[in-house]
Number of protein chains: 2
Amino acid sequence: MLPRMPGTMSDIARDLKVSVVTVSKVLRNRGNISAATRARVLKRAKELNYQPNWIARSLVTRRTFTVGLLLPDFTHPFFAEVAKSIAETVRPHGYHVIISYFEEDSGIETKEAELLVARQVDGLIIASAQTSRTGFQRIRQGKIPLVLIDRQVPNVKAPFVGTDHRAIGRLATEHLIERGCRCIAHLRGPAIRIAADRLAGYRAALRAHRLSQSPQYVIPASYADSTGYEAMRKLLRVNPPPDGVFCYNDPVAIGAMKAIRDAGLSIPDDIAVVGAGNVHYSDVLAVPLTTVDQGAREIGHQAAQILIDQMEGSRKAGRDVLIPPKLVVRQSTSGRRTMQMPAFPSLHSVKDITAR
Amino acid sequence: MLPRMPGTMSDIARDLKVSVVTVSKVLRNRGNISAATRARVLKRAKELNYQPNWIARSLVTRRTFTVGLLLPDFTHPFFAEVAKSIAETVRPHGYHVIISYFEEDSGIETKEAELLVARQVDGLIIASAQTSRTGFQRIRQGKIPLVLIDRQVPNVKAPFVGTDHRAIGRLATEHLIERGCRCIAHLRGPAIRIAADRLAGYRAALRAHRLSQSPQYVIPASYADSTGYEAMRKLLRVNPPPDGVFCYNDPVAIGAMKAIRDAGLSIPDDIAVVGAGNVHYSDVLAVPLTTVDQGAREIGHQAAQILIDQMEGSRKAGRDVLIPPKLVVRQSTSGRRTMQMPAFPSLHSVKDITAR
DNA sequence: ATGAAAGCGCTAACAA
DNA sequence: TTGTTAGCGCTTTCAT
């Protein structure tokens with residue numbers, strides 16, 4: 001026989017010679033209970049250090065007050081921010097977050113999602129690696145509230161919250177234009193939707209400002225800084241060289257900056273550089289990097305809010321939400337002194353992520 | 001009346017005119033069941049897309065297969081790593097992680113811990129901000145398995161897994177000594193145990209190598225890079241100036257490096273610098289920073305392993321574990337070219353944390 | 001090999 | 001104001 005729980009409602013009821021229901025009502029502040037019994041119950045509960053058993057409660061109420069969060073990797077600063085923001089907005093409503101990750105393996109993702117459903121989470125937030133809706137069949141049929149973040153999945157009928165990547169491209173490029181750049185290049189990312197969108201934004205900005213759009217100014221890079229380094233080296237051989245570069249993401253930008261400085265050119269005087277992502281260290285680089293923030297906190301917050309609305313039944317049927325990105329200007333586009341160390345940059349960002 | 005669950009065991013039982021017990025046995029591979037009924041049950045289960053209800057199961061088995069993880073802030077790279085590592089070790093055993101944070105507020109911490117217990121987690125891992133055992137009373141009396149990580153709490157009887165901070169100080173300092181430094185300073189951290197330990201390690205190393213220990217070479221800093229900057233400026237006025245500095249953590253080291261370069265000195269030729277923590281961006285700085293890694297992954301892994309041992313009943317009564325830190329040598333102690341950009345550093349670290 | 005009975009700790013509906 | 005009855009979906013025990 002399994003050991004009994006310590007301090008249950010029936011313990012209190014027995015001791016006080018009242019019914020369990022009475023105890024339950026007192027503990028949840030429901031129904032009409034005389035002040036006298038109320039006090040007695042509360043007293044005994046405290047004596048026994050009573051802790052409600054959420055599992056038992058959940059079994060009957062059909063609510064676990066947990067939400068499942070499924071991410072490719074919650075170690076990534078972006079997703080970590082999102083996760084925290086979700087936990088934050090959901091906590092005041094009494095929910096906890098069960099977090100899981102799938103390392104970009106859509107098989108694991110589906111399995112984990114099903115597990116979370118089996119655990120009776122009240123809602124699910126997923127940054128999916130799925131490419132089609134098939135993986136979502138079983139989840140959807142259980143019709144538990146679902147919100148997709150960061151990556152859209154075709155044909156899945158669920159609200160989506162993510163960054164407006166086109167706006168990122170536009171914002172970055174327009175910033176370079178405003179700064180006076182006229183020959184603006186782009187180190188583009190890999191063959192995924194996000195990268196295509198950022199490229200499209202770059203093109204749209206050039207078009208809107210009637211600037212030339214030479215294909216030789218669009219060089220393929222990928223995720224990593226090394227690809228940015230190589231791409232930039234190619235770009236430097238183009239004639240005339242660009243006076244501004246928008247890079248797919250911050251690592252690529254970091255690589256690009258190294259290439260520029262290795263070539264003996266200065267940032268931003270010869271070439272201004274803009275990244276995208278605003279990973280935390282952008283601030284502490286040799287030349288702090290101007291970048292476009294993706295609004296991780298806002299994504300998490302909105303996603304959680306939409307999920308809550310669904311779970312609480314206020315079926316506002318939240319439509320998709322695109323979070324507008326924000327430009328973060330640093331010295332890679334605005335500084336004047338370049339080959340020496342910049343003045344002390346933000347004193348906050350480094351501390352924020354490291355104090356412990 | 002609340003809506004019924006879709007596809008329960010009794011549904012299958014009814015359809016097949018067998019008992020729920022039989023279904024249960026088949027689904028769990030327990031007891032003796034004829035191949036025939038077995039097949040029928042499995043078939044019907046698949047048709048109904050049966051998902052076991054873990055809540056119901058948990059109520060009777062008294063196991064939820066969840067572990068609670070309570071951190072000051074899971075956005076911090078160190079804790080994020082720890083969390084991931086825990087999730088990783090625990091997953092093959094069928095456990096999920098409910099993650100929560102408390103922003104260094106020990107009141108919230110206690111409340112959250114109790115909530116997690118109410119949710120019937122099978123075990124708890126906490127990086128506590130508690131300074132005494134009082135906050136743990138209720139948790140301990142429920143005697144649910146508990147493992148403390150990163151920060152020890154006096155008088156709490158629970159296994160602890162953390163970094164050997166004294167070893168960090170020793171390792172860093174000895175590295176500077178080996179490099180040839182003879183005048184080694186320390187920018188010490190705030191008035192907490194960890195900082196004191198690192199300082200002690202620094203002192204021990206100097207003593208062991210019979211190097212001078214002038215108090216003017218120990219300057220107080222704190223968590224943030226700005227404090228490192230100020231501390232280093234003070235240090236530069238000392239005569240003779242040091243030829244090596246061990247900094248409490250990486251941000252402090254980053255601040256220190258800025259001060260050194262602002263003073264027109266070179267790193268590491270004039271002054272070599274070592275940090276501690278190995279936050280991800282240490283690699284992409286103007287001068288990549290030599291630092292001491294705290295073994296976040298290992299901490300998470302060990303903690304999880306100990307917890308599992310406790311939960312599964314193999315009461316090995318895991319003793320405290322101190323993870324030995326690892327030195328990560330970069331150019332702030334080993335480079336030769338200094339005022340120009342270093343050769344392209346590690347191509348991995350940046351990508352690792354940013355590709356998405 | 002199968003099932004009937006009992007119960008996990010709690011809440012919902014209805015009675016008294 | 002209080003209590004009785006009846007489960008939630010599952011597992012355990014013990015008969016058959």
Side-chain angles (χ1 to χ4, degrees), chain A residues 1-42 44-45 48-65 94 117-122 142, chain B residues 1-42 44-45 48-65 94 117-122 142:
Chain A
M1 200 44 199
L2 288 161
R4 272 185 52 84
M5 286 273 100
T8 69
M9 282 188 179
S10 46
D11 291 336
I12 301 179
R14 184 185 11 78
D15 295 356
L16 266 44
K17 302 195 198 311
V18 297
S19 82
V20 201
V21 185
T22 307
V23 178
S24 171
K25 282 177 181 158
V26 170
L27 261 21
R28 283 175 303 138
N29 269 320
R30 286 284 160 73
N32 297 335
I33 301 291
S34 73
T37 37
R38 182 181 173 65
R40 290 171 63 219
V41 169
L42 256 21
R44 191 73 189 124
L48 292 182
N49 186 21
Y50 172 78
Q51 296 278 111
N53 183 331
W54 281 59
I55 296 291
R57 174 180 295 177
S58 293
L59 186 56
V60 27
T61 61
R62 267 80 196 288
R63 313 261 337 242
T64 55
F65 283 93
V117 172
R119 281 180 183 284
Q120 312 292 125
V121 294
D122 294 337
Chain B
M1 201 45 198
L2 287 162
R4 273 184 52 82
M5 286 272 101
T8 70
M9 282 190 179
S10 47
D11 289 336
I12 301 180
R14 184 184 10 77
D15 295 355
L16 265 44
K17 302 197 197 314
V18 297
S19 82
V20 204
V21 186
T22 307
V23 177
S24 172
K25 281 176 182 160
V26 170
L27 261 21
R28 281 176 306 139
N29 270 321
R30 287 285 160 71
N32 296 336
I33 300 293
S34 74
T37 38
R38 183 182 173 66
R40 289 170 62 220
V41 168
L42 256 22
R44 190 75 189 124
L48 292 182
N49 186 21
Y50 172 78
Q51 296 278 112
N53 183 331
W54 281 60
I55 295 291
R57 174 181 294 175
S58 293
L59 185 58
V60 27
T61 60
R62 266 81 198 288
R63 313 265 332 246
T64 55
F65 282 92
V117 172
R119 281 179 183 285
Q120 312 293 124
V121 294
D122 293 337

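Chain letters run A, B, ... following the sequence lines, proteins first and then strands; every chain starts at 1. Heavy atoms only: backbone and side chains are in, while hydrogens, waters and symmetry mates are out.
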Rounded interatomic separation in angstrom, taking NZ from B:Lys25 and C1' from D:dT11:
10 Å
Between D:dT11 atom P and B:Ile33 atom CD1, what is the distance in whole Å?
13 Å
Distance below 4.0 Å between B:Thr22 side-chain N/O and C:dT2 OP1 or OP2
no
In whole angstrom, give the distance that lies between atom CZ of B:Arg63 and atom P of D:dG9.
24 Å
Within the 4.0 Å heavy-atom criterion, would you say A:Thr37 contacts the bases, only the backbone, or no part of the nucleic acid?
sugar-phosphate
Rounded to whole angstroms, how far apart are CD1 on A:Ile12 and P on C:dC10?
8 Å
Scan B:Leu59 against the nucleic acid and name what it touches under 4.0 Å (heavy atoms): base, sugar-phosphate only, or nothing.
base
The side chain of A:Thr61 is closest to which nucleotide in this list: C:dA5, D:dC10, C:dA12?
C:dA12
Which whole-number value in Å describes the distance from B:Arg38 CZ to C:dT2 C1'?
15 Å
Please determine whether a side-chain nitrogen or oxygen atom of B:Arg28 lies at a distance below 4.0 Å from atom OP1 or OP2 of D:dT11.
yes
Given A:Asn53 and A:Thr8, is the side chain to side chain contact (heavy atoms under 4.5 Å, CB included) satisfied, shown in steps?
CA-CA 8 Å; A:Asn53 183 331; A:Thr8 69; over 6 Å; no
Does the B:Arg57 side chain pair with the main chain of B:Pro52, one donor and one acceptor, at a distance under 3.5 Å?
no
Tell me whether the OP1 or OP2 atom of C:dG9 has a side-chain N or O from A:Thr8 closer than 4.0 Å.
no
Picking from D:dC10, D:dG3, D:dT12, which would you name as closest to the side chain of A:Val18?
D:dG3
Are A:Ser34 and D:dT2 close enough that a side-chain N or O sits under 4.0 Å from OP1 or OP2?
yes
Can you tell me if B:Arg44 uses its side chain to pair, donor with acceptor, with the backbone of B:Asp11 under 3.5 Å?
no
Spell out, as yes or no, whether a donor-acceptor pair under 3.5 Å connects the side chain of B:Ser58 to the backbone of B:Arg63.
yes
Could you tell me whether B:Asn32 contacts a base, only the sugar-phosphate backbone, or nothing, with contacts defined as non-hydrogen atoms closer than 4.0 Å?
base
Can you tell me if the side-chain N/O atoms of B:Ser19 get under 4.0 Å from OP1 or OP2 in C:dT2?
no
How many Å lie between CD on A:Gln51 and P on C:dC10, as a whole number?
11 Å
Using heavy-atom distances to pick each residue's nearest nucleotide on DNA chain C, tell me which of A:Pro52 and B:Val20 is more 5'.
B:Val20
Under-4.0 Å side-chain N/O to phosphate OP1/OP2 contact, B:Tyr50 with D:dG9:
no
Using atom CG of B:Asp11 as one end and atom P of D:dG9 as the other, report the distance to the nearest whole Å.
8 Å
Test side chain to side chain contact (heavy atoms under 4.5 Å, CB included), reference B:Arg38, set B:Leu27, B:Val26, B:Asn32, B:Thr22, output is B:Val26
Rounded to whole Å, CE of B:Met9 lies from P of D:dC10 at a distance of 5 Å
